[in-house]
Number of protein chains: 2
Amino acid sequence: MSRTQGDTKSKIIDLGEKLLLGKGFNGFSYADIAISLGIKNAAIHYHFPCKSDLGLAIIQRARERFKKWGANKETEQLPDRERLDSFFQIYRHYLTKRESVCLSGALETDFTTLPKPMQEETRGLVYDLLTWMEIFLDQGRKRGTFSFPGTPRDQAIIVLAVMQGGLQMTRVTDQSVFDLAVSQIRRLLKP
Amino acid sequence: MSRTQGDTKSKIIDLGEKLLLGKGFNGFSYADIAISLGIKNAAIHYHFPCKSDLGLAIIQRARERFKKWGANKETEQLPDRERLDSFFQIYRHYLTKRESVCLSGALETDFTTLPKPMQEETRGLVYDLLTWMEIFLDQGRKRGTFSFPGTPRDQAIIVLAVMQGGLQMTRVTDQSVFDLAVSQIRRLLKP
DNA sequence: TAGCATACTTACTAGTAAGTAAGATGTCAA
DNA sequence: TTGACATCTTACTTACTAGTAAGTATGCTA
């Protein structure tokens, strides 16, 4: 009984992502997914022969999602500060909807235990984020929307590190910590 | 044959910490420690009945280490900016000597999978760090050593998040990323 | 309608995880 | 020198891990 084309497969990626963000790559098993979706362990292996295949699919989808977000007409036409807030909203979303850290943060702490293909894809993800932010900050400073010392790359590293670290810290303190981090980094970028 | 008092026990904590920082709490096993120290699995269980006992000991020792660092006469008498650098050095040390992320970062991403006592101790660790940094930044701003918008707590969150996120990002990019993050946060604190 | 692909399930394997029970060995104190 | 305690080892259990092999139901297509 195949309900909708690719239904189970995308459900596996959905749940896999949620579990990865919530418990780390070594913190969940195929059994967790199987039980939760009401299918058998082997059904997951059918779609993703190895766990690393699933991990890879999760990262690739996230990269594409970010790429689409960046290329989105609506997003592109936003004023710089609103576009920045829209970026922050991606991270804020992790917190509210998924009660989790961000993908890059989760993957980076597990990095040494990840299979090679996932490591490479993780590098790609971080490269995407850093590059986007660097260009965005550079343009913004030239336009006078943002102000910061050092190079756009320096500042891009800081901004991403704050998102990542902020989400993680929030987990052990309270939700306000992430929001405080966001408002502080916004202040620090003020012209 | 008990060579030195508490020798094995502290060796287990040493290696446990290294593994925790390097691979996450779910990324290593008692077997890893046993093989590396040339002892048997059960010897570790003698000193730490459950893995959570070991995890707890690791965090507690780190908290004490930080407490001692903070109370150290040498550290205390340092000028603010040098004291800040000394703080950054703690994190830089994780990178060079251990090729790892920081303890709070590692624990926070695994947080939901950690046993309760470890969760509580992790909260304590983050509280220690946040509190110290908040007071330090507050004093520094009053003395005119530092300059930043918002409250000292806002800025403390940012600084810690940058340390944490910076170490993690460095893992998938190159070592320079952490150093760039440090120099950028130093710039952002300039009066 | 025969055959073939898709999307599974059932039933298993090999390996690893944490944890335990019982015993061996050494050290020290009375 | 005996007994108690600390620090281990040997030998195991139970539970879970990823992964596989073989079989089944359903529906599409030639």
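Per chain, numbering begins at 1; letters A, B, ... match sequence-line order. As the structure is a computational prediction, the values presented were derived from the model and not from experiment.
- Nearest nucleotide to the side chain of B:Ile39, out of D:dT9, C:dT10, C:dT6: D:dT9.
- Heavy-atom contacts from other residues, nucleotides or ligands closer than 6.0 Å to CD of B:Glu76 number more than 12.
- Within the 4.0 Å cut-off from OP1 or OP2 of D:dT7, not a single side-chain nitrogen or oxygen of B:Thr8 is found.
- Partners of B:Gln89 under the side chain to side chain contact (heavy atoms under 4.5 Å, CB included) rule, at least two apart in sequence or in another chain, are B:Arg92.
- For A:Asp32 and D:dA18, the CG to C1' distance is 13 Å, given to the nearest whole Å.
- Spacing between atom NZ of B:Lys11 and atom P of D:dT7 amounts to 14 Å, rounded to whole angstrom units.
- Rounded to an integer number of Å, the gap from B:Lys9 NZ to D:dA6 C1' is 12 Å.
- Checked against side chain to side chain contact (heavy atoms under 4.5 Å, CB included), A:Ala42 has no partners two or more places apart in sequence or in another chain.
- Between B:Tyr46 and D:dC8 there is no side-chain polar atom (N or O) within less than 4.0 angstrom of OP1 or OP2.
- Atom CD1 in A:Ile12 sits roughly 16 Å away from atom P in C:dT6 (whole-Å rounding).
- With a 4.5 Å cut-off on side-chain heavy atoms, B:Met118 and B:Phe111 do not count as touching.
- Five base pairs at each end of the helix from C:dT1-D:dA30 to C:dA30-D:dT1 define two local axes, and these are offset by 10° (rounded to 10°).
- When the P atom of D:dC8 is taken as reference, atom CD1 of B:Ile33 falls 14 Å away, rounded to whole Å.
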Short N/O separations, protein against nucleotides 18-24 of chain C, under 3.5 angstrom:
unit_1: C:dA18; atom_1: OP1; unit_2: B:Lys51; atom_2: NZ; d: 3.3
unit_1: C:dA18; atom_1: OP2; unit_2: B:Tyr30; atom_2: N; d: 3.1
unit_1: C:dG19; atom_1: OP2; unit_2: B:Lys51; atom_2: N; d: 2.8
unit_1: C:dG19; atom_1: N7; unit_2: B:His45; atom_2: NE2; d: 3.1

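- Shown here are the ring pair (Phe, Tyr, Trp, His ring centres under 6.0 Å) partners of B:Phe146, two or more places apart in sequence or in another chain: B:Phe136.
- Applying the ring pair (Phe, Tyr, Trp, His ring centres under 6.0 Å) rule to B:His45 yields the partners B:Tyr30; only residues at least two apart in sequence or on another chain are considered.
- Sorted by first and then second residue, the pairs that involve residues 49-72 of chain B and meet salt bridge (Lys or Arg N to Asp or Glu O under 4.0 Å), not counting sequence neighbours, are B:Asp14-B:Arg61, B:Glu17-B:Arg61, B:Glu17-B:Arg65, B:Arg63-B:Glu121, B:Arg63-B:Asp128.
- Listed by first and then second residue, the side-chain hydrogen bond (donor to acceptor under 3.5 Å, both in side chains) pairs that reach into residues 145-159 of chain B are A:Gln184-B:Gln155, A:Arg187-B:Asp154, B:Asp80-B:Thr145, B:Thr151-B:Asp154, sequence neighbours excluded.
- By the ring pair (Phe, Tyr, Trp, His ring centres under 6.0 Å) test, B:Tyr91 is found to be paired with B:Phe87, residues two or more places apart in sequence or in another chain being considered.
- In this structure, A:Leu37 atom CG and C:dC8 atom C1' are separated by 13 Å, rounded to whole Å.
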